[in-house]
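Inspection log for the structure reproduced underneath, given as structure tokens.
Being a predicted model, the structure only gives us computed values, none of them experimental.
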Amino acid sequence: MGAILCLVSAACFGAMAVFGKLAYAAGVTPQTLLLIRFGLAAVTLGLVLAVARRPVTAPRRTLAAAFGMGAIGYAAQASLFFAALERMDASLLSLILYTYPLFVTVGAVLLGRDRLTRARAAALLAASAGTLLVLLGAGTGHLDRGGVVLGFGAALTYTVYILVADHILRDLPPLLLTGLVMAGAATTFTVQALVTGGVRTDFAAAGWRWLIAIALISTVLAILTFFAGLRRTGPSTAAILSTFEPVVTTILAAATLGENPTAPQIAGGLLIILAAALLHLRTKPSKVALGNRTRNAETRS
């Protein structure tokens, strides 16, 4: 189930770059996109939490940390990503961003949270090679140096964000964590808008359609399923499965932006799917590991 949730999340995130390009074409600015994205997402998740009526039992320190993840970590990653998207092709940006699975895997191993098993190493290599094939086949635009710096900044920021999220998930359910992250990010961009004099809303009506799609599909649904999948699989597996995202981006870009998949892209997509299957069929955890997970789940509940 964890692997499926991660793949659903990757599909939702994969649509975001295309939605963003379409929003830019409608006249939406990056600052406006970010404020409306996180503001709408925060309101939506607040309503969901209100309906769920689940008691909050986590310490205030943990709640503040989750809020800070959004206000600092996720806000920074999103700002870097959409600033880079203005300056370079979505496919090239995705190629740079998808160096983060390697960073996450190395970080998780160094922190002692995961083991670099043979199956995981093979899956990481296959997924990385597949991502390169998919995205190099689509990278026809001018390579903007500033965009490259912003893209690598987004990848490194996202790496830290995932590793911190994996730690905080021990004390918070995914729904509450996502709501706090969205509220934190929305607060950051609201303050930014107040300081800079507000945001522009004089864009074409079609821009609202893409903003809503980014907020509900590529933010709320994407993050909820990612956190839920991360909780079940661990940071390395979740990050590797998330490399399914560029496959979705490529397909949607071909359908909406006129980018035609090439033979290398198809081969890369097959490699990524193979990596997902390899992870899904990996050896089942030991009884000791299952016992530890059960105790952790009981503690969280």
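The closest side-chain heavy-atom distance from Leu5 to Arg232 is below 4.5 Å. You'll find the side chain of Gln31 reaches within 4.5 Å of the side chain of Thr196, heavy atoms only. Under the 4.5 Å side-chain criterion, counting only non-hydrogen atoms from C-beta, Leu40 is not in contact with Leu211. Side-chain atoms of Tyr24 and Pro30, non-hydrogen and from C-beta on, do get closer than 4.5 Å to each other. Contact annotation: the side chain of Phe82 approaches that of Leu34 to within less than 4.5 Å [non-hydrogen atoms, C-beta and beyond].
Remark: the backbone N or O of Leu252 is paired with a side-chain donor or acceptor of Thr256 at under 3.5 angstrom. Although no hydrogens or angles enter the test, the distance criterion places no donor-acceptor pair under 3.5 Å between the side chain of Thr32 and the main chain of Val28. Of the possible donor and acceptor atoms, one in the side chain of Thr249 sits under 3.5 Å from a partner among the backbone N and O of Gly14.
The CZ atom of Phe67 sits 9.5 Å away from the CD1 atom of Ile72 when rounded to the nearest 0.5 Å. Atoms CG and CE, on Leu180 and Met69 in that order, are 9.5 Å from each other to the nearest 0.5 Å. Put simply, CG on Leu97 and CZ on Phe152 are 10.0 Å apart, with the number rounded to the nearest 0.5 Å. Of the inter-residue distances, the one linking Glu245 atom CD with Leu7 atom CG reads 11.5 Å to the nearest 0.5 angstrom. With rounding to the nearest 0.5 Å, the separation of OG1 in Thr44 from CD1 in Ile212 is 9.5 Å.
Partners of Gln77 by side-chain hydrogen bond (donor to acceptor under 3.5 Å, both in side chains), not counting sequence neighbours: none found. Shown here are the side chain to side chain contact (heavy atoms under 4.5 Å, CB included) partners of Thr178, two or more places apart in sequence or in another chain: Leu45, Met182, Ile223, Leu224, Phe227. Every ring-ring contact (aromatic ring centres under 6.0 Å, His included) that Phe38 has, sequence neighbours left out, goes to Tyr74, Phe189. Scored by the side chain to side chain contact (heavy atoms under 4.5 Å, CB included) test, Leu221 finds Cys12, Thr225 as partners (sequence neighbours excluded).
In this structure, Leu175 places its CG atom where more than 12 heavy-atom neighbours from other residues, nucleotides or ligands lie under 6.0 Å away.
For the residue pair Gly151 and Ala84, the shortest heavy atom distance occurs at N-CB, 4.1 Å. Across every non-hydrogen atom of Gly20 and Leu33, the tightest pair is CA-CD1, 4.3 Å. When all heavy atoms are compared, the tightest approach of Leu241 to Ala3 is CD1-CA, 3.6 Å. Here the closest non-hydrogen pair linking Arg37 and Ala215 is O-CB, 3.6 Å. Thr219 approaches Ala41 most closely through the heavy-atom pair CG2-CB, 3.8 Å. Residues Phe244 and Ala10 approach most closely at CB-CB, 4.0 Å, considering heavy atoms.
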Criterion side-chain contact (heavy atoms from CB on, under 4.5 Å) on Val181 and Tyr161, from CA distance to verdict: CA-CA 11 Å; Val181 168; Tyr161 172 81; 3.6 Å; yes
Please list, one pair per line, the donor and acceptor atoms closer than 3.5 Å that link side chains of residues 202-209 to other protein atoms, with sequence neighbours excluded.
unit_1, atom_1, unit_2, atom_2, d
Asp202, OD1, Arg200, NE, 3.1
Asp202, OD1, Arg200, NH2, 3.4
Asp202, OD2, Arg200, NH2, 3.4

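Under the 4.5 Å side-chain heavy-atom criterion for Ile, Leu, Val, Met, Phe, Trp and Tyr, Leu85 and Val148 are members of the same hydrophobic cluster. When the side chains of ILVMFWY residues are joined at heavy-atom separations under 4.5 Å, either directly or via intervening members, Ile214 and Val48 end up in a single hydrophobic cluster. Note: the hydrophobic cluster containing Val220 does not contain Val43 (ILVMFWY, side chain heavy atoms under 4.5 Å, direct or indirect links). Hydrophobic clustering of Ile, Leu, Val, Met, Phe, Trp and Tyr side chains at less than 4.5 Å, counting indirect connections, unites Leu163 with Leu230. Hydrophobic clustering, with ILVMFWY side chains joined whenever heavy atoms are under 4.5 angstrom apart, groups Val18 together with Met16.
For residues 8-28, no pair satisfies salt bridge (Lys or Arg N to Asp or Glu O under 4.0 Å), with sequence neighbours left out.
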